[in-house]
Amino acid sequence: MSYFRHHIFFCLNERPAGESSCARQGAQEAFEHCKARVKAEGLSGAGGVRVNKAGCLDRCAGGPVAVVYPEGTWYTYVDREDIDEIVESHLKNGRPVERLMLPPDVGR
């Protein structure tokens with residue numbers, strides 16, 4: 001058994017001026033909101049959920065992006081409500097949110 005049930009990594013990478021990047025699309029705020037929601041839901045800590053920062057996850061075209069492991073489920077999101085849905089459905093109840101999944105062919 002793994003120490004955490006789920007890890008969610010948020011790309012917080014910022015590219016040079018003029019290039020699209022997750023940092024320019026609200027990724028830091030989404031990361032902070034997710035971390036707060038996970039804690040408020042009592043999901044953090046051993047056996048629960050770990051919310052992590054990441055550098056470039058190399059899927060910029062779908063940004064902002066986050067990925068949940070161990071499943072390897074990639075998400076794109078727009079606002080706090082999307083993050084809330086990922087926390088409630090996937091991280092809390094184990095049901096991935098299909099409408100927010102990043103298509104497998106979206107890369108950099």
Side-chain angles (χ1 to χ4, degrees):
M1 176 159 176
S2 179
Y3 188 75
F4 294 109
R5 186 176 71 237
H6 295 291
H7 267 95
I8 182 167
F9 293 89
F10 282 82
C11 176
L12 301 182
N13 192 53
E14 184 169 359
R15 297 201 171 278
E19 292 184 47
S20 182
S21 64
C22 293
R24 291 200 177 96
Q25 297 180 53
Q28 180 69 40
E29 181 184 344
F31 164 78
E32 291 169 6
H33 181 68
C34 184
K35 194 166 183 133
R37 279 297 312 274
V38 163
K39 186 175 181 180
E41 291 287 333
L43 301 173
S44 59
V49 176
R50 175 77 179 165
V51 182
N52 288 93
K53 298 177 183 180
C56 183
L57 293 173
D58 210 29
R59 302 208 59 200
C60 310
V65 299
V67 60
V68 176
Y69 287 110
E71 298 91 337
T73 304
W74 287 85
Y75 289 112
T76 186
Y77 52 88
V78 175
D79 52 29
R80 287 176 170 233
E81 287 76 23
D82 289 347
I83 299 301
D84 290 344
E85 189 172 355
I86 292 168
V87 169
E88 183 67 26
S89 184
H90 192 154
L91 302 179
K92 185 175 181 181
N93 295 310
R95 291 186 313 265
V97 183
E98 290 189 32
R99 74 174 190 85
L100 297 175
M101 285 183 189
L102 193 61
D105 62 335
V106 174
R108 193 167 183 183

* I83 CD1 to E88 CD distance, which is reported to the nearest 0.5 Å -> 14.0 Å
* Structure fact -> Tightest non-hydrogen contact, residues H6 and P70, listed as ND1-CD, 4.1 Å
* To do: Rounded to the nearest 0.5 Å, what's the gap from OG1 on T73 to CD1 on I86? Could you check?
  => 10.0 Å
* To do: Not counting sequence neighbours, which residues clear side-chain hydrogen bond (donor to acceptor under 3.5 Å, both in side chains) with N13? List them please.
  => none
* How many angstroms lie between CG in L100 and CD in E81, if you round to the nearest 0.5 Å? -> 11.5 Å
* For residues 33-46, which residue pairs qualify under salt bridge (Lys or Arg N to Asp or Glu O under 4.0 Å), counting only residues two or more places apart or in two chains? -> R37-E41, R37-D84, E41-K92
* Structure fact -> Rounding to 0.5 Å, atoms SG (C22) and CZ (F31) come to a distance of 13.5 Å
* Decide side-chain contact (heavy atoms from CB on, under 4.5 Å) for Y75 and M101; before the verdict, give the C-alpha distance in whole Å, the side-chain angles of both, and the deciding distance to 0.1 Å. => CA-CA 4 Å; Y75 289 112; M101 285 183 189; 4.1 Å; yes
* Structure fact -> Taking every heavy atom of S89 against every heavy atom of V97, the minimum-distance pair comes out as CB-CG2, 3.7 Å
* Asked: Would you call the rings of H7 and F4 parallel, tilted or perpendicular, where under 30° means parallel and over 60° means perpendicular?
  -> perpendicular
* Asked: What pairs with R24 under salt bridge (charged side-chain N to carboxylate O under 4.0 Å, His left out), at least two apart in sequence or on another chain?
  -> E14
* Please report the shortest heavy-atom distance between F10 and A27, naming the atom on each side. => CD2-O, 4.5 Å
* Asked: Are L12 and V68 co-members of a hydrophobic cluster defined by side-chain heavy atoms under 4.5 Å apart?
  -> yes
* Keeping the roles fixed (side chain from S44, backbone from V49), state whether a donor-acceptor pair exists under 3.5 Å. => no
Just list the side-chain donor-acceptor pairs under 3.5 Å for residues 50-61, sequence neighbours left out, or say none.
unit_1 : atom_1 : unit_2 : atom_2 : d
R59    : NE     : V106   : O      : 2.7
R59    : NH2    : P103   : O      : 2.7
R59    : NH2    : V106   : O      : 2.8

* To do: Can you measure from SG (C34) to OH (Y77) and round to the nearest 0.5 angstrom?
  => 9.0 Å
* Worked check of side-chain contact (heavy atoms from CB on, under 4.5 Å) between H33 and V87 -> CA-CA 10 Å; H33 181 68; V87 169; over 6 Å; no
* To do: Kindly state each residue pair satisfying salt bridge (Lys or Arg N to Asp or Glu O under 4.0 Å) with at least one member in residues 25-34, sequence neighbours excluded.
  => E29-R80
* Asked: Got a sec, which residues hit salt bridge (charged side-chain N to carboxylate O under 4.0 Å, His left out) with R95, two or more places apart in sequence or on another chain?
  -> none
